Amino acid sequence: MKSLLSLSALLLLTVTCCAQTPEEKLAAAGIQLQPIGNPIANYVHVVRTGNLLFLSGKGPALPDGKYITGKLGKDLTIEQGYEAARLTAISQLAVLKSHLGSLNKVKRIVKVLGFVNAIPEFTDQPKVMNGFSDLMMQVFGEKGKHARSAVGTSSLPMGMAVEVEMVVEVEE
């Protein structure tokens, strides 16, 4: 019994001391967060009220500043939409990092609202938005589980494939 207790304590210590930070998980996945630019209209990237951050909608920005554009079901496949949503998640993580200084301050991803630019017949918005949600889970583990809506829309700014806003709870 004593050795089993010691083994449990050692395992807990190993998990606690060696757990990767969100930034380390991003680095291990080969993801580098880019500096965020100024908003393109009259709004701010994030508003804090209490322990909640409300992040403005972001799209799938490429390193050159252009966006992945097109309609799902016409110009883009579900897989391409998934990648666009994943790229949007990276943009939102950059906003969080810029605002908080460290992603360790994230207590929970609370709510994600995803808009998918699609033809009327397209009904796989949840599969597209999994690109965003899967990355939140990869980076934050259980803290990355969130409530979500995936909505189809007839157009988005600049023809972006997806736009995603989110609510995040942060530590005091």
Side-chain angles (χ1 to χ4, degrees), residues 22-23 25-48 52-100 103 106 108-170:
E23 283 89 348
K25 290 177 184 177
L26 287 169
I31 298 171
Q32 185 175 17
L33 301 180
Q34 301 299 317
I36 61 170
N38 293 323
I40 60 172
N42 191 15
Y43 66 91
V44 295
H45 291 295
V46 60
V47 170
R48 182 176 183 153
L52 295 178
L53 300 179
F54 292 81
L55 279 69
S56 296
K58 295 283 176 255
L62 297 164
D64 65 3
K66 294 180 182 177
Y67 290 93
I68 295 175
T69 60
K71 287 193 175 291
L72 275 290
K74 177 184 171 194
D75 309 311
L76 300 168
T77 65
I78 293 170
E79 293 77 17
Q80 290 169 316
Y82 179 99
E83 287 304 316
R86 186 175 187 279
L87 192 55
T88 303
I90 294 168
S91 294
Q92 289 291 36
L93 290 172
V95 170
L96 281 173
K97 171 85 172 164
S98 174
H99 185 77
L100 296 171
L103 295 176
V106 170
R108 173 107 197 224
I109 305 300
V110 177
K111 171 73 173 163
V112 170
L113 174 57
F115 299 95
V116 178
N117 188 357
I119 62 172
E121 299 79 20
F122 187 80
T123 59
D124 286 321
Q125 291 86 354
K127 290 179 183 175
V128 170
M129 284 304 303
N130 282 342
F132 192 98
S133 297
D134 290 351
L135 187 62
M136 291 300 127
M137 289 293 299
Q138 181 181 348
V139 172
F140 296 110
E142 287 297 308
K143 295 178 183 182
K145 283 188 177 177
H146 52 267
R148 184 183 84 184
S149 297
V151 179
T153 186
S154 63
S155 68
L156 286 171
M158 296 169 282
M160 293 185 299
V162 298
E163 182 177 354
V164 183
E165 60 182 49
M166 62 193 284
V167 179
V168 177
E169 183 182 11
V170 295

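Only a predicted model underlies this, so the values are computations on that prediction, with no experimental measurement involved.
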Could you check if a side-chain atom of L53 sits within less than 4.5 angstrom of a side-chain atom of H99, using non-hydrogen atoms only?
yes
With the side chain counted from C-beta on, respond yes when V116 and L156 share a heavy-atom pair under 4.5 Å apart, and no when they do not.
no
Once rounded to the nearest 0.5 Å, what's the spacing between atom CD of E121 and atom NZ of K74?
11.5 Å
Considering only heavy atoms from C-beta outward, does the side chain of V168 approach that of L55 to under 4.5 Å?
yes
Please tell me if the side chains of V112 and V167 come closer than 4.5 Å, counting only heavy atoms from C-beta onward.
no
Here the pair of heavy atoms bringing G81 nearest to V128 is O-CG1, 3.4 Å
Under 4.5 Å between any side-chain heavy atoms of K145 and F140, yes or no?
no
Evaluate the side-chain proximity of M166 to K58: yes if any heavy-atom separation is below 4.5 Å, no if none is.
no
Measure across S56 and Q92 and return the closest heavy-atom pair with its distance rounded to 0.1 Å.
O-NE2, 3.0 Å
Going through the distances and angles, do V162 and N117 end up as a side-chain contact (heavy atoms from CB on, under 4.5 Å)?
CA-CA 6 Å; V162 298; N117 188 357; over 6 Å; no
More than 12 heavy atoms of other groups within 6.0 Å of K25 NZ:
yes
Keeping the roles fixed (side chain from T88, backbone from A84), state whether a donor-acceptor pair exists under 3.5 Å.
yes
Q125 (side chain) donor-acceptor with F122 (main chain) under 3.5 angstrom
yes
May I have the step-by-step check of side-chain contact (heavy atoms from CB on, under 4.5 Å) for D134 and Y82, ending in yes or no?
CA-CA 10 Å; D134 290 351; Y82 179 99; 2.6 Å; yes
Using the rule given for side-chain contact (heavy atoms from CB on, under 4.5 Å), can you reason through L113 versus V164, listing the C-alpha separation, both sets of side-chain angles and the distance that settles it, and then say yes or no?
CA-CA 6 Å; L113 174 57; V164 183; over 6 Å; no
Assess the residue pair L93 and L135 against the criterion (side-chain contact (heavy atoms from CB on, under 4.5 Å)); give the C-alpha distance rounded to whole Å, side-chain angles, the decisive distance to 0.1 Å, and a yes or no.
CA-CA 10 Å; L93 290 172; L135 187 62; 4.1 Å; yes
Flag the pair E23 and K97 as a salt bridge only when some basic side-chain nitrogen lies within less than 4.0 angstrom of an acidic carboxylate oxygen.
yes
Pairwise side-chain contact, L62 with L87, heavy-atom cut-off 4.5 Å (strictly under)
yes
To check you understand the geometry: which heavy-atom pair defines the closest contact between A29 and Q138, and what is its length?
CB-NE2, 3.5 Å
For residues 147-163, pull every pair meeting side chain to side chain donor-acceptor pair (under 3.5 Å), keeping only residues two or more places apart or in separate chains.
K111-S149, N130-R148, S133-R148
Rounded to the nearest 0.5 angstrom, the OH-CE distance for Y67 and M160 is 6.0 Å
Where is the tightest heavy-atom contact between M136 and A89, given as atom of each residue plus distance?
CE-CB, 3.6 Å
Does H45 reach the main-chain N or O of G37 with its side chain, forming a donor-acceptor pair under 3.5 Å?
yes
Could you check whether any side-chain heavy atom of L72 comes within less than 4.5 Å of a side-chain heavy atom of Q80, counting everything from C-beta outward?
no
For N42, look at atom CG and say whether over 12 heavy atoms of other residues, nucleotides or ligands are found less than 6.0 Å away.
no
